[in-house]
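In this text, all values refer to a predicted model and were calculated from it rather than measured experimentally. Protein chains get the first letters and strands the later ones, always in sequence-line order, with residue 1 at the start of each.
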2 protein chains.
Amino acid sequence: MEGDYVARMETALIQTISTGLSQSGVRDHNARLLLSLVQRNVALPGTDIARLSGLSAPTVSSILRKLESDGLVERGDAVRGKVGKPSIPMRLAPTGAYAFGLKIGRRSANLLLMDFVGKVRAEVHLSYDYPLPSEIFAFLEEGIRALTADLPADQRTRICGIGVAAPFELWNWHNLKGPRAKSFQTWKDVSIASEIARFSPLPVMVTNDATAACQAEHIYGRGKAFRDYAYFFIGAFIGGGVVLNNSVFEGRQGNAGALGSLRSIGLNGESMQLVDAASLHLLEARLQEVDQDTRQLWTDPTSWKRLSRYVDPWLSQTAQELAKASLSTCAVIDFEAILIDGAFPDHIRHELVTRVRRYVATQDTRGLIVPAIEAGSIGANARALGAACGPIRANFFLNTHQGLSAA
Amino acid sequence: MEGDYVARMETALIQTISTGLSQSGVRDHNARLLLSLVQRNVALPGTDIARLSGLSAPTVSSILRKLESDGLVERGDAVRGKVGKPSIPMRLAPTGAYAFGLKIGRRSANLLLMDFVGKVRAEVHLSYDYPLPSEIFAFLEEGIRALTADLPADQRTRICGIGVAAPFELWNWHNLKGPRAKSFQTWKDVSIASEIARFSPLPVMVTNDATAACQAEHIYGRGKAFRDYAYFFIGAFIGGGVVLNNSVFEGRQGNAGALGSLRSIGLNGESMQLVDAASLHLLEARLQEVDQDTRQLWTDPTSWKRLSRYVDPWLSQTAQELAKASLSTCAVIDFEAILIDGAFPDHIRHELVTRVRRYVATQDTRGLIVPAIEAGSIGANARALGAACGPIRANFFLNTHQGLSAA
DNA sequence: CAATTAATTAATTAGGTTACTTTATTAAAT
DNA sequence: ATTTAATAAAGTAACCTAATTAATTAATTG
């Protein structure tokens, strides 16, 4: 069962560079590698896996048989037409594992149950003015009950965890007054994992929301195409993620890719943060100024075209800011690409990317390798989906940055 | 011999995530791990190594004996005074391996021979107005001959490579005229590695100069203390390096940590690069304006105090710029620390760090985890030293980011 | 044109090796 | 006598190479 591949707890040691390897560690590593290769390529026959992994065919064969008997991979239809024995592509078994993904946003929460191939099996929503701990946890508890009930009883044990995507220091953003403000502030002292542990035995992983979105893009979206990139997610605020060596880099404190905090230049030449120069809340504020209903931004994609006299200047400013921010990130890491996504309609994303490309071409790029500017492909659901990836990845896939598990 | 630990060539494969592991891969990994732990802690008895690596004592013992017979580690004096059998600390054998480090700078080149514990065995210099390929390679060829001759004949086979530290796109910085300019431009078409291959069979590794400095700081300096940090090296221009998970991250194209290209804000609020706002060439330019000899900056450390009426404003501006740049890097990666070093006297470095700390405290740090600001410890020689680390690390030490070598 | 043979490729089995683990032993100190 | 470090011996897991089985296409022949 999946237990075999669960990462072992490491004792925290001073000066630990990495961990020693033993046989079982090797098998674990290789099994995760095979699953990662199959995931990445959708379906692969054993020979290709052997070639890609550098392992011998018999080894791959034996690992695949084990994975198959564990219900994690399954055989596809034999491929004929070439000389020789037909190959049997192996693919992930959709029912191999499940995970919950919870996104806690500033306007709404979103809980989904994702299967092993990244398909959303069921989903529930909650809207609010601002999230309060008690309401969120009640929503989650009830949601878990409901979503679990949808699953055949024999598959419920395959749910391997709960991933939570939340903004960094959630409590720092609202300036509320009164008793509800006090309740909101309690986020500061709440341990999300321990609260959830009160009503669910499943392991909990908490991630930065934009990093989670990046994760989803990386595994199920365009991110597959690039080895390393910075990812911008434009929501009410702006956040980001970082991918290095084909794997999302969360950072020591989980705060890598805090791209909203990149320094930007205000109209008067003063220093400000990107989040104050290029988020959707700026557009919202502008719409409020002219008495437009801002809800339509989130609920009605066509409204964006209707509002183009307000959207256009916003797009222009945002693109300029993103262009500069993109190059700044490339000064730190020589990213191959910059991916841009957000909670807006496809045509806006496309227009934004086009404009960013244009602005990047006008910048001073001495000392830099200019990255490709590309559009993300997942959109608003990315955060919850990425959150759900957490437990699945921890149990079954390779993570370049974590080092290998010990025996 | 060292051949056992040489990284194997990998065939370039599409979609390679990582490489499969076999027994020999395991042994190689563990041997490198042990060497890395010993290097990091200067000297360690087997029991401690076992604890730190998570390997069993017999395994560590057997690997150590192999490393000992290969001449890579040696026994220290038994530590008595505690109950039980005295422990025998193992340390790197200084004569275990050697490497050449060549720094190609804008004003001078520097070639040194480094031993296995990072000691400089011999060193030669070359000064110029600007570096020309033919002169540099002649200097290197002659230098290799001379420095090799210093070594006992039986140890010459232990020289494992040549590390070269050079600025990114060297040819892009000078605006020369005339025939010598043409010769300088040829850097663009020169492959440093193949030129060197004409007169030396040793493997060659080329690194970005600031990344090399970072490497030296990381292995032999203060960098040991931090798990991840951004490193600023202030020379004629400003460069940087990036350390993630206890290991220098070079980037896909070797251009990670191009911190001189970080965006900065000019006096009139215009966007400019950090390199134009905070390098020593700014101070030089100011001194030239007032007809001061600029050579003294590089040759006479005491001159900095004498010139304080010019140095002080430069320090102030540089510190402000570094403070903002430091936080920008932390928006990309949540670095634990920022290390600052440069080609200037110790008291200047110290003063600079103090001021950067002060400025950081005044910045907008919403969404960020504020890093520690620390001084580097190696100074001007860091680049050549770091360059020499390249071949040694490639052969004997663990590199978190490269993945493990295949069988 | 059908049947046969050759060639090719995929997947698995068998046997051997490596390098790890656990358990036991020896050595040297307080 | 007890404690701790280091090594030795025995056992095991997981890899590799080489050989085998299987399934197909391609070529040849009566």
*Let me know the distance between CD1 of B:I49 and P of D:dA5, rounded to the nearest Å.*
13 Å

*Which one, C:dA27, D:dA14, C:dC20, comes nearest to the side chain of B:K85?*
C:dA27

*asked:* Looking at every heavy atom in both A:S87 and A:P89, which two are closest together, and how far apart are they?
replied: O-CD, 3.4 Å

*When the ring planes of B:H218 and B:Y229 are compared, do they come out parallel, tilted or perpendicular, using 30° and 60° as the limits?*
tilted

_Nearest-nucleotide 5' precedence on DNA chain C, A:R65 against A:P86_ = A:P86

*Measure the distance from CZ on B:R75 to P on C:dA28 and round it to the nearest whole Å.*
12 Å

*How close or far is atom P of D:dT12 from atom CZ of A:R27, stated in whole angstroms?*
18 Å

*Pick the nucleotide of DNA chain D nearest each of A:S62 and A:K82; which residue has the one closer to the 5' end?*
A:S62

*Whole angstrom value for the distance that separates C1' of D:dA6 from CE of B:M90*: 11 Å

*Identify which nucleotide among C:dT12, D:dT3, D:dA6 has an atom closest to any side-chain atom of A:A57, counting heavy atoms from C-beta outward.*
C:dT12

*To the side chain of B:L55, which of D:dC15, C:dC20, C:dT12 is closest?*
C:dC20

*Within the distance-only criterion (no hydrogens, no angle test), does the side chain of B:S69 pair as donor or acceptor with the backbone N or O of B:K66 below 3.5 angstrom?*
yes

*Using only side-chain N and O atoms of B:T47, determine if any of them is under 4.0 Å from OP1 or OP2 of D:dA6.*
yes

*asked:* If you define the side chain from C-beta out and look only at heavy atoms, does anything of B:L244 sit under 4.5 Å from A:L244?
replied: yes

_Atom-to-atom span, NE2 of B:H29 to C1' of C:dC20 - whole angstrom_ = 13 Å

*Selected nucleotide, minimal atom distance to A:S56 side chain, candidates C:dC20, D:dC16, D:dA14*: D:dC16

*Could you state the atom-to-atom distance from CD of B:E68 to C1' of D:dA6 in whole Å?*
12 Å

_From C-beta outward on B:S61, which listed nucleotide comes closest to its side chain: C:dA28, D:dA6, C:dT12?_
D:dA6

*asked:* Less than 4.0 angstrom between a side-chain N/O of B:N30 and OP1 or OP2 of C:dC20, yes or no?
replied: yes

*Distance in angstrom units between B:L34 CG and D:dA6 P, rounded*: 12 Å

*Out of C:dC20, C:dT13, D:dT7, which nucleotide sits closest to the side chain of B:P58?*
D:dT7

_Starting the side chain at C-beta, find the nucleotide from D:dA6, D:dC15, D:dA23 nearest to A:V26._
D:dC15

_Check: B:F226 main-chain N/O paired with B:E336 side-chain donor or acceptor under 3.5 Å_ = no

*On DNA chain D, check which nucleotide each of A:G84 and A:T59 is closest to and give me the residue with the more 5' one.*
A:T59

*Starting from C1' on C:dA11, measure out to CG on A:D48 and report it in whole angstrom.*
13 Å

